[in-house]
Amino acid sequence: MLPSQPQDRHLGAPGPSGGGGGGGDELIRTYKGWKGDNVFCFGGRLVFGPDARTILITIFLITAPVTIFCVFVGRKFIDDYPHHRGVSVLAIAVGLNLLDLVFLFITSGRDPGIIPRNLYPPEPESNGEPRLAHTPTQTRLPRTKEMLVNGITVKIKYCDTCMLYRPPRASHCSICDNCVEKFDHHCPWLGQCIGLRNYRFYFMFVLCSALLCIYVHVFCWIYVKRIMDGEKISIWKALIKTPASIALILYSFVSVWFVGGLTGFHLYLIGTNQSTYENFRYRYDRHENPFNKGIVGNFMEVFCTKVPLSKNSFRAKVPKEPAIPPRIVNGAMSSPSLQKVSHDIEMGRKPVWHETVEEELGDLEKDMETTVTSRDLSRMLPPEESEGRGIMHSRESSRGRRGGSWEFSSRVNEDLRTRDESVSIRVGEDSSESSGNVASR
């Protein structure tokens, strides 16, 4: 503990009181601020997918049949075979079961090859063209790029979530929300992505599961055969005497088609140097595979090469990203969409009613011609209690214009129609009054 204290202090870690050591940024473990959907255990030492609970179901589906086999079938061989050969039947079953669970945990509890996200998108390429220092760039990042792999052009795509160009054979997992190197698939039975760093362990898990199913299936039939020979009965009567064997035979028969077929499929993928994702998406049988090294070379690449180191240090301490709090003005939260409203509040000034009406009329001049004198507008100023309603109408219409809509609310249209009618009535009254004065004269 003592040797690590100077290092933590050098990194700016908070002291026992929680202070930042002179106002420095607060440091947290990487896994605590992780933006993906992963689940971490033991302080970030184990990383799982968001559906890690399905591992418990997988463990039960593996362990329960082996337990039934050892109790009701395997132990019957201990006395039947001399020189402890009967014990070996149980030992092999238990060993395969434990080995299968070990590969399960190694596959599901480690980093599958997650590519760290960028904090900012990459700089657009200038293609050798000079760019002025004060000229803002409007260049959008291209969605794809081309690169050569073994003399063959391969397209790499840009990931908007991780803000990076994915390496060849990488893809973004929608379940874990991470870009994974040499992405194969997301396994729901293991609750983890299968990628560059755990593919070989995944294959060994599937292979051990297939061997375990075959082993249990075969020895259940051997036990039934021994009952038939010992009691000189038919196969149906022998099966009735051992219902556990019937259940295990049916279970292992169904399971071996699943895990056995999966083993054969991945043997084909390894031999052709493909991933499940590439096989279903790109169809290398239609064009040349730039990653194919031959059958021997492909198997050597999967099983005889060193597993790459993880690009993530989930236990490393990094500065905590500061949350951007909303700006509170006079007890109300402001936002960019309400910039004009917050500006009025901050300045301590309410917009005048006739200013908002003139603004609305200015926007309608392109569609209709309306002429209103200042004298008429002064007559139409509403009382103080109705001023708030007019302000609310103007803000609704202004937000509609910012959003690209030129439709006013029904209340605003009704107020404008009422105002036009009042203007025409007042103009008519003035004209009649002036004509009456002329007649009296």
Side-chain angles (χ1 to χ4, degrees), residues 48-74 89 92-110 112 171 173-176 180 182-195 198-224 239 243-281 283 298-299 302-303:
F48 299 91
D51 49 349
R53 293 182 179 180
T54 57
I55 299 176
L56 300 177
I57 300 176
T58 306
I59 294 174
F60 175 79
L61 294 176
I62 296 173
T63 306
V66 175
T67 304
I68 296 174
F69 173 80
C70 293
V71 172
F72 296 99
V73 179
V89 176
I92 294 175
V94 174
L96 283 175
N97 182 45
L98 293 177
L99 189 62
D100 205 19
L101 294 179
V102 168
F103 285 126
L104 182 149
F105 283 113
I106 293 177
T107 305
S108 60
R110 70 183 301 155
S171 183
C173 177
S174 59
I175 300 176
C176 294
V180 180
K182 199 180 179 182
F183 177 77
D184 191 86
H185 69 287
H186 183 93
C187 181
W189 299 101
L190 302 180
Q192 181 64 284
C193 291
I194 308 302
N198 63 351
Y199 179 77
R200 71 175 62 173
F201 305 108
Y202 167 78
F203 176 80
M204 296 304 299
F205 163 74
V206 175
L207 179 61
C208 285
S209 300
L211 294 177
L212 188 58
C213 288
I214 295 173
Y215 185 84
V216 171
H217 187 85
V218 169
F219 272 93
C220 284
W221 278 117
I222 292 176
Y223 181 60
V224 172
L239 288 173
S245 297
I246 298 176
L248 291 174
I249 288 173
L250 293 177
Y251 180 83
S252 59
F253 178 77
V254 174
S255 300
V256 78
W257 282 102
F258 174 71
V259 292
L262 200 58
T263 303
F265 175 66
H266 280 280
L267 283 173
Y268 162 75
L269 293 179
I270 295 173
T272 56
N273 206 330
Q274 300 182 63
S275 65
T276 304
Y277 182 80
E278 292 170 347
N279 181 262
F280 283 96
R281 186 177 181 89
R283 297 290 183 180
N298 294 334
F299 273 90
V302 174
F303 297 106

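Keep in mind that what you see is a predicted model, and the values were worked out from it rather than measured.
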Would you compute the distance between atom [atom1] of [X] and atom [atom2] of [Y] and round it to the nearest 0.5 angstrom?
X	Y	atom1	atom2	value
Ser171	Lys182	OG	NZ	14.5 Å
Ser275	Arg281	OG	CZ	11.0 Å
Leu104	Leu99	CG	CG	11.5 Å
Leu61	Leu56	CG	CG	11.0 Å
Trp189	Phe258	CH2	CZ	6.0 Å
Phe105	Leu101	CZ	CG	6.5 Å

Could you tell me whether the side chain of [Y] reaches within less than 4.5 Å of the side chain of [X], counting heavy atoms only?
X	Y	result
Leu190	Phe103	no
Cys213	Val259	yes
Ile62	Asn97	yes

Item to check | Derivation and outcome, side chain to side chain contact (heavy atoms under 4.5 Å, CB included), residues Leu250 and Val254 | outcome: CA-CA 6 Å; Leu250 293 177; Val254 174; 5.7 Å; no

Checklist entry - Who pairs with Tyr277 by ring pair (Phe, Tyr, Trp, His ring centres under 6.0 Å), at least two apart in sequence or on another chain? => result Phe183

Checklist entry - Which of parallel (below 30°), tilted (30 to 60°) and perpendicular (above 60°) describes Phe219 and Phe69? => result perpendicular

Grab the two heavy atoms, one from [X] and one from [Y], that are nearest each other, plus how far apart they are.
X	Y	answer
Val180	Pro112	CG1-O, 3.9 Å
Leu212	Ala93	CD1-O, 3.9 Å
Ala52	Phe48	CB-CB, 3.6 Å
Val256	Ala210	CG2-O, 4.4 Å
Cys173	Cys176	SG-N, 3.4 Å
Phe205	Asp100	O-OD1, 2.9 Å

Item to check | Step-by-step side chain to side chain contact (heavy atoms under 4.5 Å, CB included) determination, Arg110 to Phe201 | outcome: CA-CA 10 Å; Arg110 70 183 301 155; Phe201 305 108; 3.3 Å; yes

For [range], which residue pairs qualify under side chain to side chain donor-acceptor pair (under 3.5 Å), counting only residues two or more places apart or in two chains?
range	result
residues 48-57	Asp51-His186
residues 249-261	His217-Ser252
residues 60-72	none

Next on the checklist: I'd like to know whether CZ of Phe253 has more than 12 heavy-atom contacts from other residues, nucleotides or ligands below 6.0 angstrom.
Outcome noted: no

Checklist entry - Under 3.5 Å, side chain of Gln192 to main-chain N/O of Gly109, donor-acceptor pair present? => result no

Checklist entry - Quick one: does Tyr215's side chain have a donor or acceptor within less than 3.5 Å of a partner on Val89's backbone? => result yes

Item to check | side chain to side chain contact (heavy atoms under 4.5 Å, CB included) between His266 and Tyr199, intermediate numbers included | outcome: CA-CA 10 Å; His266 280 280; Tyr199 179 77; 2.9 Å; yes

Checklist outcome for this item: Sorted by chain and residue number, the side chain to side chain contact (heavy atoms under 4.5 Å, CB included) partners of Leu207 (sequence neighbours excluded) come out as Phe203, Met204, Leu211, Thr263

Item to check | Results of side chain to side chain donor-acceptor pair (under 3.5 Å) for Asp184 - residues two or more places apart only | outcome: Thr276

